[in-house]
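Okay, so here's the structure we're looking at.
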Amino acid sequence: MEKKTAIVHAIHEYTTHEMSQFLSIDDLETLHENIESLAYGQAELYKPVRSKPDNQIKSPSLRHYAWNIGERLDIPLIDRAKFIKTIFPHELENATIEYLCKNLRDSVPAIIAIDVPENGDYHFSCMQTSADSDN
């Protein structure tokens with residue numbers, strides 16, 4: 001349980017780091033609540049958010065984001081796809097769950113990159129780089 005708490009904390013930090021440019025403060029807070037629901041298997045509590053009209057997040061970044069956090073939580077691809085489709089219905093209105101599931105870890109250019117955990121480590125490489133440069 002202690003490790004899961006640490007993983008969820010790392011995901012919250014990563015989410016703020018990656019998503020704050022795209023979301024209002026209220027929507028970012030809702031996304032954090034959705035992460036808790038994802039982590040503890042409460043999909044019925046998901047609430048949709050919408051990215052800022054002047055800085056909308058695109059499908060590739062959302063797919064990569066869902067893959068990255070789902071990988072740390074060891075969540076099946078289908079549940080990652082359902083999560084991101086439910087949370088961002090406007091941005092993903094033309095994407096099916098099946099498409100999202102098959103393309104979460106694609107290699108298309110995106111602002112949010114795929115972040116493969118090394119040797120089971122749940123930390124995010126983009127967070128380690130920024131933390132290292134602060135020292």
Side-chain angles (χ1 to χ4, degrees):
M1 194 63 178
E2 203 172 294
K3 182 175 182 182
K4 185 162 193 171
T5 301
I7 291 169
V8 171
H9 178 74
I11 290 170
H12 282 301
E13 287 184 344
Y14 170 74
T15 295
T16 299
H17 181 268
E18 292 294 315
M19 302 297 274
S20 59
Q21 64 183 311
F22 301 110
L23 300 175
S24 69
I25 292 170
D26 289 343
D27 280 337
L28 186 60
E29 187 175 310
T30 301
L31 181 56
H32 283 292
E33 292 168 9
N34 289 328
I35 289 164
E36 291 291 324
S37 299
L38 175 69
Y40 297 101
Q42 299 172 308
E44 70 279 2
L45 299 179
Y46 294 163
K47 295 179 209 149
V49 299
R50 188 165 177 177
S51 56
K52 296 175 183 175
D54 61 341
N55 193 19
Q56 294 186 25
I57 190 165
K58 305 284 189 252
S59 178
S61 288
L62 286 172
R63 295 192 312 264
H64 294 171
Y65 172 77
W67 188 89
N68 291 343
I69 65 173
E71 197 66 11
R72 270 88 182 158
L73 292 168
D74 196 27
I75 291 176
L77 293 175
I78 188 73
D79 293 334
R80 298 177 206 188
K82 288 177 182 176
F83 170 78
I84 209 67
K85 174 78 172 170
T86 303
I87 304 304
F88 290 93
H90 174 75
E91 291 78 358
L92 298 172
E93 66 184 339
N94 296 323
T96 64
I97 296 293
E98 294 75 20
Y99 170 82
L100 293 170
C101 191
K102 290 177 185 171
N103 291 284
L104 289 173
R105 190 182 170 179
D106 58 10
S107 58
V108 299
I111 293 172
I112 298 177
I114 291 294
D115 190 327
V116 180
E118 292 185 30
N119 303 322
D121 183 13
Y122 59 84
H123 295 95
F124 294 87
S125 60
C126 66
M127 299 301 293
Q128 292 169 343
T129 304
S130 56
D132 292 344
S133 63
D134 290 345
N135 294 335

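Owing to the predicted nature of the structure, the values given are computational and were not obtained by experimental measurement. Starting from 1, each residue takes its place in the sequence as its number.
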Residue [X] excluded, over 12 heavy atoms near [atom1] under 6.0 Å:
X	atom1	answer
D74	CG	no
K4	NZ	yes
K82	NZ	no
E29	CD	no
E93	CD	yes

List the atom of [X], the atom of [Y], and the distance in Å for their closest heavy-atom pair.
X	Y	answer
L92	I84	CD1-O, 3.4 Å
P60	A110	CB-CB, 3.7 Å
M19	L62	CE-CD2, 4.0 Å
L28	S20	CD2-CB, 3.9 Å

What's the spacing between [X] [atom1] and [Y] [atom2] if we round to 0.5 Å?
X	Y	atom1	atom2	answer
K3	T5	NZ	OG1	12.0 Å
L23	I57	CG	CD1	7.0 Å
I35	L73	CD1	CG	9.0 Å
E44	S37	CD	OG	7.5 Å
Q21	S51	CD	OG	10.5 Å
L38	D79	CG	CG	8.0 Å

Q. Is it true that I69 and I78 fall in one hydrophobic cluster, defined by side-chain heavy atoms closer than 4.5 Å?
A.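 No, it is not one cluster - the side chains of I69 and I78 are not joined through contacts under 4.5 Å.
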
Q) Is there a chain of hydrophobic side chains (I, L, V, M, F, W, Y, each step under 4.5 Å between heavy atoms) that links Y40 to L45? A)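 No, it is not one cluster - the side chains of Y40 and L45 are not joined through contacts under 4.5 Å.
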
**Q.** Residues that, via side-chain heavy atoms closer than 4.5 angstrom, fall in one hydrophobic cluster with L77
**A.**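 Members besides L77, by chain and number: W67, L104, I114, V116.
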
(Q) I'd like to check the side-chain contact (heavy atoms from CB on, under 4.5 Å) partners of R72; sequence neighbours left out, ordered by chain and number. (A)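 Counting only residues at least two positions away or on another chain, R72 forms a side-chain contact (heavy atoms from CB on, under 4.5 Å) with I7, I11, N68, D115, P117, Y122, F124.
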
**Q.** Counterpart residues, side chain to side chain donor-acceptor pair (under 3.5 Å), relative to E33 (two or more places apart)
**A.**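 Counting only residues at least two positions away or on another chain, E33 forms a side chain to side chain donor-acceptor pair (under 3.5 Å) with K47.
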
Q) Who passes side chain to side chain donor-acceptor pair (under 3.5 Å) against T15, sequence neighbours left out? A)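 For T15, the residues satisfying side chain to side chain donor-acceptor pair (under 3.5 Å) (neighbours in sequence not counted) are Y65.
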
**Q.** Within residues 76-115 or reaching into it, pairs that qualify as ring-ring contact (aromatic ring centres under 6.0 Å, His included) - sequence neighbours excluded
**A.**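 Counting only pairs at least two positions apart or across chains, the ring-ring contact (aromatic ring centres under 6.0 Å, His included) contacts touching residues 76-115 are Y46-F83.
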
Q.
Run E36 and H32 through side-chain hydrogen bond (donor to acceptor under 3.5 Å, both in side chains) and show every step you take.
A. CA-CA 7 Å; E36 291 291 324; H32 283 292; over 6 Å; no

Q. Got I112 and Y14 here, is their nearest side-chain heavy-atom distance under 4.5 Å?
A.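 I112 reaches Y14 side chain to side chain.
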
Q) Is there side-chain contact between T86 and P48, with heavy atoms separated by less than 4.5 Å? A)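 Heavy-atom side-chain distance check fails, nothing below 4.5 Å.
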
Q: Dump the intermediate steps for side-chain contact (heavy atoms from CB on, under 4.5 Å) on R80 and E71, then the final yes or no.
A: CA-CA 9 Å; R80 298 177 206 188; E71 197 66 11; 3.0 Å; yes

Q. Under the 3.5 angstrom rule, does the side chain of S61 hit a backbone N or O of I111 as a donor-acceptor pair?
A.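 Such a contact is found between S61 side chain and I111 backbone.
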
(Q) List the residues meeting salt bridge (Lys or Arg N to Asp or Glu O under 4.0 Å) with D106, not counting sequence neighbours, and say none if there are none. (A)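 Residues passing salt bridge (Lys or Arg N to Asp or Glu O under 4.0 Å) with D106: R63.
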
Q) Do R50 and E91 pass the side-chain contact (heavy atoms from CB on, under 4.5 Å) test, and can you show the C-alpha distance, the side-chain angles, and the key distance before you say yes or no? A) CA-CA 7 Å; R50 188 165 177 177; E91 291 78 358; 3.6 Å; yes

